[in-house]
Amino acid sequence: MNMTLIGTTLAALLTIAVYSFLYKDNPFYKFAEHLVVGVSAGYYLVIYYYNFIDPTVVSPVFRLRIGGDAILLGGVDWWMALIPGLLGLILYARFFPKIGWVSRWALGIYVGGYSGLGIAPVMQARVLDQIRGGALPVHALHTGQGWTNLLLVVGLLGTLTYFFFSLKHKGVLGGLARIGIVFIMVGFGASFGYTVMSRVSLLIGRMNFLLHDWLRIV
Amino acid sequence: MRALLPALSLSVSVLLALFPPAGRAADAPLSEVVRETAAPAAVTGLQARDYLDNNDRGDKIELSWCLSADDGAGALSVLEYRVWRSQAPDEQGELVATLEPGTAAHVDTGVTPGVAYYYRVEAFDGALSSPAATAGPAVGRINLFQTSRLPVLVLSLAFFAMVIWFTRLAARGTNLFVRRIPGLNAVEEAVGRATEMGRPVLYVPGIGEIDDIQTIASLTILSHVAKIAAEYETPLIVPTARSVVMSAAEEVVKEAYAEAGHPDNYNPDNIRYLSDAQFAFAGAVSGIMMRERPAANLYLGAFWAESLLFAETGFETKAIQVAGTANVSQLPFFVTACDYTLLGEELYAASAYLSREPKLLGGLKGSDWMKVITICIIVAGVVLTALGVPQFGRWFFTQ
Amino acid sequence: MRREIPLAITFLAGMFMLVDFFVPHHRVSAAGEELKQWGTIVIAASILLGIGNLIRVHSKKIARRQSGWGFSLVCLSVMAVMLWFGMWPGAKLGPNPLVGSIAQGSYFNWMYLNMDVPLQGTMFSLLAFFIASAAYRAFRLRSPEASLLLISAIVVMLGRVPLGQLLTKGLPEKATLPWLTEAIMTYPNMAAFRGILMGAALGVMAMGLRIILGIERSYLGGEK
Amino acid sequence: MAGFDLRQIDRRVIFTLIFVVVAWPLLRPMRLPMDVTPPVQRLYEAVEAVPPGSIVMLAGDYSPDTMPELQPMVISFVRHAFRRDLKIVTTSLWANSPPLIEDALAPLAAEFGKTYGVDFVNLGYMAGGTVTLLGMGASIPNTFPQDYYGTPVAGLPLMREVTNFDDIALVMNVSSGTPGTREWVQQVQGRYRVRLASGTTAVAAPPFYPYVQSGQLVGLLGGLKGAAEYEMLVDAPGDAVRGMDAQSIVHALIVFFILLGNVAYFAERRAQRARGGAAQREVTA
């Protein structure tokens, strides 16, 4: 028996086990579900170790090298590898009630750092750039472009108004918010329809695997 | 008469030689001679200035120019542009770049910060070079402010000021109005229903890492939900896809149970890490729904393609489902398949809304007024472009 | 103090990264990069927290012979096998080069390709079924808004395949399904999503600021 | 239908039908009528217009993840060219492409009895992107001194007929990103007046339609649908046509379910109103 054939057969059986869930929950699905959790846990553990922990912490701190280059024990690079390693380690302090609170330091750096990191780029890409893209010329109403631009501007203003929390949606505000909802619903419907194709392609892909790669009847 | 003919023909040929008819000038042989002997036209408008990138070492200078008249037009003879750099205005200096035709800008890397440089740019046709355009002196500097990001800074500061202003206002006891958000009232209702049915509540905080603000928003809502669940003594299952989110969720739930006065009811086995892998996680959560039959499923946080797997499996188990995410691509599926959905910003508003803590409401008010400013800017932009002021877009152009 | 130090750390880290965006100086950028790198390592190092939880929950089930304990055994043992194949330290000395390696052709890779990939891919493809059942039960003309959702979904769904082309063949171009699909995707869809994105962006910024300023702190958990 | 409530259709019925309509076209391709769109038709005609014996170039700039969409295009083009007795030279600006092209060439060469080195050559991958394209404008053999197998091009009879783009009757670029069709149009088509056709993923296609309009591309295949249309034109329906069959039917089936659901919904509402019953709790959409 060759490994490829065994592999394909195994993969095919597992594929069928997952599809059996569509009928109802059953032992085959349970088996597949627990198997994939186990395999992916092992996979991530190994990959994280090789890709992050080893090159950035273990190698520099214990083997004194970064990539292929030797570094100095106690040098800047060495400390720069040791500190994040320690930060990672203190996450585990929560298992020791007396020093458990230390684990929040690592969380503080991480959450604080990424919160700060997010703010300005979000302002840039999702507010400024969108203002620029959203303020379209609408004066040329004798052309089709003018009307479609007007549609885009009104839709955008309506949607923004819908998310206005400080006032009840009544009067002009209510009217604009209602336009917003109309646009949101049409947009959602379109996204839904647009996604069908790619999801069906996934199924075709799995089906091709079963019928062609495994059973070879296509 | 006889003498007139030769004179006439002579004068005609002289006239023809002096003023050739239009067709003749474009004759192939003539223009080919011109092409072989004339160098391409020079570039114009050459400028050199310090280049400000986002990792500024002061070692870059930016050049821009207008194309040679023979590039893409005219004699079509430009094969490349040559850029020379020197430290004196009249020196040829060293060749630092040869560029494809059609190029009208170049960033010269590797200059020494603080040193003045002069540049020459020539158009080259394979044999001959155009006269050089010159520019300089230009100096590379290490900058402390990214000027192209000024609009971002201005708007951010305005936003921060409003958030802080409203937060202080709230702290001083001013009553801030926030309209009803239907999906949020449903959260409490859902937990209540699970209690009536004697079945657990399932709370999925998304599959985002804790650096995703949606996850943090979700954890604050979780804290609120856990308090209700603790009071009702209803089991709360929290499956997570990220280790750090799991440990944060443990802390949040444990704390909520303690605050609700039921620390002993906290069951650490209900806060579960399942898998970092997206669909392994989705499969395992579906399994929990099928086997432990939660009566209320709350999906709040960052979700991707697994959203519909959850919502449809949850529907099959007849759970009441409330979802919320700022991942726009998944909203259509939650809206379609769940009972209530928090759209985008409503997820962030939720923690303030649920806790009714004045300090948190400040942030909500701040973003509301920022929305008003944004709407005003867009309207102003529409009006300005209509009035023929094209600069509007440029003011908001950042790098 | 136990509360203040983490909040101070959060504030400093947050402010630094915020300022970093506006300061192009290469040393500031380098420090920002270093901090991001630290974050990555902290997260990578945390994976054992989750794995520990997984092992605890499943071994309890096995020890108590709770229903489905056999599946828990499958989960834990396959994880152990994966680890052994991927990281066995004696591998380089042993006779089998396929163990202790994650390269193409190794047992680790084989398990990944023939178990993890098809299982996850198939679970992903379940969406093709669920998208149909969701459409069936939820797309009802019960309100004007719901009708819009339904109509635009149907138009786009049909406009994307040859069938839609056939259905409206012969009509003027601007009445054909492919054209309508394009129009819906370009206009209402874009306007709505741009609005939602802008609103959500403000939410993110407000939340981020609250975190940095220590107003939002429930994610840090209890006082103890 | 007494006793049968449409609102309560077991979703397993829906699942089964979806399963069947996806599997069936794979087993029994039905070739649903498909309109050929003008860009595809023009591409087909451009290849038809090349005199037999001429040399065409297949430039594959894609990777395995986009194979489902692009491989059927490559297969159809090779089939089309071989059938018309055109000679094929293939090149790649993407490192992953040459083996994928080889996958398409080998079986078709066997089918049409074509000889490597005489009727077709796979020049493999060359780094450099735009620079490589301009190099080919000067000399193709100098830019690709060896083929995919490491054989010097001087040893390949077909390559003796090729100096630069002047000897290539048509270039078919199959691309999924950068460098790809955009670079071919901007650097090669304009400069060397090459007849250029392109096939891209559905996601990447929209910006290239204006090129078809302006004539810079003689034709364009967009996504699985474009591939399917081309398969129909060369009269060799394959993976793309089968996939499109399934797509069309699934989409129609879902629409049918939606309509069915609404019929049931209104029937029930009417019945309820007649009974004067309370409105049922509805889910919010």
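Each chain gets a letter, A, B and so on, in the order the sequences are listed, and its residues count up from 1.
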Segment of [X] engaging chain B (4.5 angstrom heavy-atom cut-off):
| X | answer |
| --- | --- |
| A:Ile119 | side chain |
| A:Leu107 | side chain |
| A:Leu160 | both |
| A:Ser103 | neither |

Next on the checklist: Can you classify the ring geometry of B:Trp369 versus A:Phe164 as parallel (below 30°), tilted (30 to 60°) or perpendicular (above 60°)?
Outcome noted: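 B:Trp369 and A:Phe164: perpendicular rings.
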Measuring from [X]:[atom1] to [Y]:[atom2], what's the distance to the nearest 0.5 Å?
| X | Y | atom1 | atom2 | answer |
| --- | --- | --- | --- | --- |
| A:Phe21 | B:Thr313 | CZ | OG1 | 4.5 Å |
| B:Glu346 | A:Phe163 | CD | CZ | 5.5 Å |
| B:Ser275 | A:Glu33 | OG | CD | 11.0 Å |

Item to check | Closest approach of A:Leu157 to B:Ile375 (non-hydrogen atoms, all atoms of both residues) | outcome: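 Closest approach of A:Leu157 to B:Ile375, heavy atoms only: CD2-CG2, 3.8 Å.
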Checklist entry - Does B:Arg291 make a cation-pi contact with A:Tyr29 (under 6.0 Å, within 45 degrees of the axis)? => result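 B:Arg291 over A:Tyr29 ring: no.
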Checklist entry - chain A heavy atoms under 4.5 Å from B:Ala277: which part of the residue, side chain, backbone, both or neither? => result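 Both parts, backbone and side chain.
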Next on the checklist: Under a 4.5 Å cutoff for heavy-atom pairs, which residue among B:Leu343, B:Thr374, B:Ile216 has the most contacts with chain A?
Outcome noted: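 Of the candidates given, the most pairs with chain A belong to B:Leu343.
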